[in-house]
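All chains are named by letter (A, B, ...) in the order of the sequence lines, taking the proteins before the strands, and each is independently numbered beginning at 1. Just so you know, these numbers use all the heavy atoms, side chains as well, and skip hydrogens, waters and symmetry mates.
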Amino acid sequence: MEQKNNHFIEEIIEQDIREGKHGGRIHTRFPPEPNGYLHIGHAKSICLNFGLTQKYNGKTNLRFDDTNPVTEDVEFVESIQEDIKWLGFDWEDRLYYASDYFPQLYEFALQLIKEGKAYVDDLNSEEVAALKGSPTEPGKPSPYRDRTVEENLKLFQEMKEGKYKEGEKTLRAKIDLASPNMHMRDPILYRILFTPHHRTGTQWCIYPMYDFAHGQSDAIEGITHSICTLEFENHRPLYDWFIHELKLFPSRQIEFARLNLSYTVMSKRKLLQLVKENIVSSWDDPRMPSIAGFRRRGYTPESIRNFATMVGVARRENVIDLSLLEFAIRDDLNKKATRVMVVLHPILLKIINLPEDHREDLEIDNNPEDETAGKHIMSFSNMCYIESEDFMMQPPPKYHRLSPGEMVRLKGAYIVKCESVELNTDGSIKTILCSYVANSKSGNDQSGIKVKSVIHWVDAKSCSDAEVRLYDRLFRVEDPNDQQGDFKDYINPDSLITIPNAKIENFLKTDTAIGKSYQFLRHGYFCMDRDSSEAKVVFNKTVGLKDSYQKSNAKN
RNA sequence: UGACCUAUGGUGUAACGGUAGCACACCGGAUUUUGAUUCCGUUUGUUAAGGUUCGAAUCCUUAUAGGUCAACCA
């Protein structure tokens with residue numbers, strides 16, 4: 001899916017190339033914190049960063065911004081790498097960690113102290129906050145702001161040696177307490193933390209703040225275009241201050257608007273809450289907007305990359321319609337997915353003018369969109385299951401499916417006519433009794449009969465059972481963040497409906513592998529879930545087919 | 001009521017002072033052995049008011065609305 005017009009970041013890059021900035025070199029990075037799984041918003045950023053360097057022949061680093069050992073974990077380091085690879089991007093040999101730079105960052109801190117531009121503060125967090133002022137009032141200096149260089153050097157050394165407790169001391173930059181930008185009011189550079197780090201263990205007990213690590217990490221790696229989301233815009237003057245004071249490589253930070261998707265939440269905190277409180281089964285629950293969730297749901301990397309292109313890159317806040325993502329996956333799977341027949345809510349149909357022992361093999365197209373996809377065999381007898389909603393005793397107007405006296409085609413098989421029904425004692429339908437039109441065989445129809453509808457079916461004598469999990473949007477409201485009360489009050493109670501005994505054609509039992517996508521004819525796209533076993537196959541609904549009949553019904 | 005940022009159909013996103021276009025959604029129609037796909041078409045928009053200009057979505061001013069910032073989180 002090519003985009004014709006450049007977005008604003010491409011414009012900046014092309015101008016830099018024209019002007020020969022950094023010798024025309026383009027180098028970006030994707031800098032996740034390993035404290036959760038990646039979500040679709042990260043996917044946008046990954047596609048942006050790696051996509052840009054593919055387009056302009058540059059390089060993209062993967063760098064873990066792991067400056068807070070309290071929340072970070074190797075589980076996330078691993079899942080993040082897996083998700084980026086799955087999306088189809090490669091950082092080659094450029095896997096870095098901000099923690100790799102701890103020694104150098106420490107030297108940077110010493111440099112600032114020696115120049116009188118940083119000081120050790122004894123105030124606790126409440127006291128610091130109290131003196132910081134507010135956006136409309138200037139801050140006040142800490143009583144420790146004017147310590148001598150020697151004293152600061154000694155105290156910072158002692159902080160590093162573990163002589164002080166967590167929270168007892170911090171290192172702060174000495175910038176401007178009256179700045180209208182709160183980030184310039186003597187930001188904290190280092191804090192004391194005794195939690196072991198997932199990579200450096202107990203080697204350090206002082207850790208740089210993100211603001212003191214991120215920009216310098218970019219500079220160390222020679223990142224030319226440091227792309228991040230809008231909320232870091234106010235931090236840029238601080239990063240530029242560090243670059244200037246420490247005389248570092250001048251990476252240029254460019255901010256863009258993060259992705260928001262309707263009917264879901266995107267904050268890591270809220271996603272973590274859904275997992276921790278068992279509202280979803282795991283980080284890769286198919287209802288989660290995590291990359292792992294979409295993967296398990298049956299989304300393809302191509303569809304997500306196309307989606308990322310279609311949403312565009314700009315600087316205004318946005319909420320993308322879920323329907324655009326659904327379009328992207330339907331568009332991709334329509335071209336790729338093998339068509340099979342699965343009956344979700346079966347009702348028995350018996351063909352009365354066929355012998356009890358009739359058996360016939362029919363050839364079914366694997367994909368009418370792809371001539372090279374071939375065919376598969378489906379067996380046919382005098383008994384089959386059809387979808388219960390494809391039959392009505394008293395059909396409403398414009399109902400094209402089966403009802404008494406009416407004809408439909410069984411997809412890939414014959415035209416059948418409903419002659420009567422057999423009822424259970426409670427009045428419900430036990431069996432639909434039909435005659436079939438012998439010379440109407442699919443592909444060789446001599447009957448001349450035109451039917452209004454073609455319905456799917458499976459052979460009742462050879463089909464198997466499968467569990468089918470029908471997924472729908474996780475939230476009932478478009479913007480769960482913008483509601484009264486807790487966002488969890490707006491969970492869609494029907495976001496998962498499990499059908500324990502759907503009827504699947506035999507081919508599907510033997511052909512499938514975990515993660516493989518199919519189109520269940522007239523239903524939607526499904527893929528085999530990792531919960532499948534020999535005894536029971538499980539399918540996840542990726543997305544439904546568009547359904548103009550249901551839509552017109554909903555209107556009436 | 002501080003600083004910074006943003007404002008184009010329902011949702012996104014283009015138009016680089018010169019015909020407001022594209023995608024999704026929506027609504028019609030054609031085709032169809034998936035009420036799918038495909039194809040065709042309709043409707044819908046420059047936040048407001050001034051200014052500059054032959055000409056403004058675009059430049060300037062003001063207003064309005066929204067976002068970000070006062071973690072020892074990132």
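- Among the heavy atoms of the strands, none lies under 4.0 Å from A/G139.
- As judged by a 4.0 angstrom heavy-atom cut-off over every strand, A/E255 is placed among residues making no nucleic acid contact.
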Counting Watson-Crick and G-U wobble pairs with both distances under 3.5 Å, what is the dot-bracket string for RNA chain B, 5' to 3', using [ ] for crossing pairs and | for pairs to another strand?
.((((((..((((....[..))))..((((.......)))).....(((((..]....))))))))))).....
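- Within 4.0 Å (heavy atoms only), A/H235 reaches at least one base atom of the nucleic acid.
- Contact of A/R316 with B/U8 (side chain to base): a donor-acceptor pair of N or O atoms is detected under 3.5 Å.
- For B/G67 and B/U52, the C1' atoms lie 30 Å apart once the distance is rounded to whole Å.
- When each of A/K411, A/E505, A/R339, A/E387 is tested with A/H456 by the rule side chain to side chain donor-acceptor pair (under 3.5 Å), just one qualifies, namely A/E387.
- B/G21 and B/C16 are spaced 15 Å apart, taking the C1' atom of each and rounding to whole Å.
- Place A/E231 and A/D547 on RNA chain B by their nearest nucleotides, and A/D547 ends up nearer the 5' end.
- Of the two residues contacting RNA chain B, namely A/V319 and A/F520, the nearest-nucleotide position lying further toward the 5' end is that of A/V319.
- Residue A/S548 is classed as a sugar-phosphate contact, given heavy-atom separations below 4.0 Å to backbone atoms only.
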Any protein N or O atoms within reach of nucleotides 2-4 of chain B? Criterion: under 3.5 Å, listing atom names and distances.
unit_1: B/G2; atom_1: N2; unit_2: A/P180; atom_2: O; d: 3.3
unit_1: B/G2; atom_1: N3; unit_2: A/P135; atom_2: O; d: 3.3

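- No side-chain heavy atom of A/R236 sits less than 4.5 Å from a side-chain heavy atom of A/W241.
- Across all strands shown, A/P32 has no heavy atoms under 4.0 Å from either base or sugar-phosphate atoms.
- Backbone-only contact: A/I320 has heavy atoms under 4.0 Å from sugar-phosphate atoms and none from a base.
- B/A71: glycosidic angle within 90° of 0, hence syn.
- Spacing between atom CG of A/D176 and atom P of B/C69 amounts to 21 Å, rounded to whole angstrom units.
- Nearest heavy atoms, A/S99 versus A/R199: OG-CD, 3.7 Å.
- With C1' as the reference atom, B/C59 and B/U43 are 33 Å apart, rounded to whole Å.
- Within 4.0 Å (heavy atoms only), A/G412 reaches at least one base atom of the nucleic acid.
- Rounded to whole Å, the distance from CG on A/L521 to P on B/G35 is 8 Å.
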Distances for protein N/O vs nucleotides 38-45 of chain B N/O pairs under 3.5 angstrom?
none

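- At the phosphate of B/G35, neither OP1 nor OP2 sits under 4.0 Å from any side-chain N or O atom of A/S552.
- Per the geometry, OH belonging to A/Y414 stands 18 Å off P belonging to B/U33, to the nearest Å.
- A/T71 comes within 4.0 angstrom of nothing in the nucleic acid, heavy atoms only.
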Would you check, one step at a time, whether the test salt bridge (Lys or Arg N to Asp or Glu O under 4.0 Å) holds for A/K551 with A/D547?
CA-CA 6 Å; A/K551 203 186 314 189; A/D547 189 346; over 6 Å; no
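- Judged purely by distance below 3.5 Å, without hydrogens or angles, the side chains of A/S323 and A/E326 never pair a donor atom with an acceptor atom.
- For A/R315 (side chain) and A/E255 (main-chain N/O), a donor-acceptor pair under 3.5 Å exists by modelled atom type.
- Whole-Å rounding puts the A/H7 NE2 to B/U8 C1' distance at 19 Å.
- Within a 6.0 Å sphere centred on CD of A/E19, heavy atoms belonging to other residues, nucleotides or ligands number more than 12.
- Looking only at atom types and distance, the side chain of A/D218 has a donor-acceptor partner in the side chain of A/S226 under 3.5 Å away.
- Closest approach of A/S453 to A/H400, counting heavy atoms only: CB-O, 3.0 Å.
- Side-chain polar atoms of A/Q81 and A/D83 form no donor-acceptor pair below 3.5 angstrom.
- Residue A/R522 places at least one side-chain N or O under 4.0 Å from the OP1 or OP2 atom of B/G35.
- In this structure, A/E317 and A/N260 have side chains that are in contact, with non-hydrogen atoms separated by less than 4.5 Å.
- Going from the P atom of B/U6 to that of B/A15 covers 15 Å, rounded to whole Å.
- Across all their heavy atoms, A/K165 and A/I192 have their closest contact at O-CD1, 3.5 Å.
- The separation between A/N318 atom CG and B/A14 atom C1' is 15 Å, rounded to whole Å.
- B/A36 atom C1' lies 12 Å from atom CG of A/N367, rounded to whole Å.
- Nearest to the side chain of A/M310, among B/U33, B/A14, B/A23, sits B/A23.
- Dashed line: the shortest gap from a side-chain N or O of A/K551 to OP1 or OP2 of B/C26 is under 4.0 Å.
- Proximity of A/K546 to the phosphate of B/A25: a side-chain N or O atom is located under 4.0 Å from OP1 or OP2.
- Among B/C72, B/C73, B/U33, the nucleotide with an atom closest to any side-chain atom of A/T170 is B/C72.
- Of all nucleotides listed (B/U34, B/A74, B/C24), B/A74 comes nearest to the side chain of A/E72.
- Nucleic acid contact class of A/L123 (heavy atoms, under 4.0 Å, all strands): base.
- Nucleotides B/A74 and B/U11 have their C1' atoms positioned 30 Å apart, rounded to a whole Å.
- Ion pairing between a basic and an acidic side chain is recognised when a charged N comes within 4.0 Å of a carboxylate O; A/E166 and A/R191 show no such pairing.
- Across all strands, A/E11 comes closer than 4.0 Å to base atoms (heavy-atom distances).
- With A/K375 as the partner, the salt bridge (charged side-chain N to carboxylate O under 4.0 Å, His left out) test is satisfied by one option alone out of A/D361, A/D365, A/D370: A/D365.
- For the pair A/I329 CD1 and B/A23 P, the interatomic distance rounds to 21 Å; values are reported in whole Å.
- Looking only at side-chain heavy atoms (C-beta outward), A/K503 and A/C463 come within less than 4.5 Å of each other.
- Note on A/R191: a side-chain N or O is less than 4.0 Å away from OP1 or OP2 of B/A74.
- Applying the 5.5 angstrom centroid cut-off and the 30 degree plane-angle cut-off, the aromatic ring of A/H400 is stacked upon the base of B/G35.
- In this structure, the nucleotide among B/A14, B/C73, B/U34 sitting nearest to the side chain of A/N5 is B/A14.
- The number of heavy-atom neighbours closer than 6.0 Å to NZ of A/K417, taken from other residues, nucleotides and ligands shown, is 12 or below.
- When the P atom of B/A7 is taken as reference, atom CG of A/L230 falls 11 Å away, rounded to whole Å.
- Distances shown here put every side-chain N or O of A/R315 at or beyond 4.0 Å from the OP1 or OP2 atom of B/C5.
- Counting any heavy atom pair closer than 4.0 Å across all strands shown, A/K169 reaches no nucleic acid atom.
- The phosphate of B/A36 has neither OP1 nor OP2 within less than 4.0 Å of any side-chain N or O from A/R339.
- B/U58 and B/G51 have their C1' atoms separated by 15 Å, with the value rounded to a whole Å.
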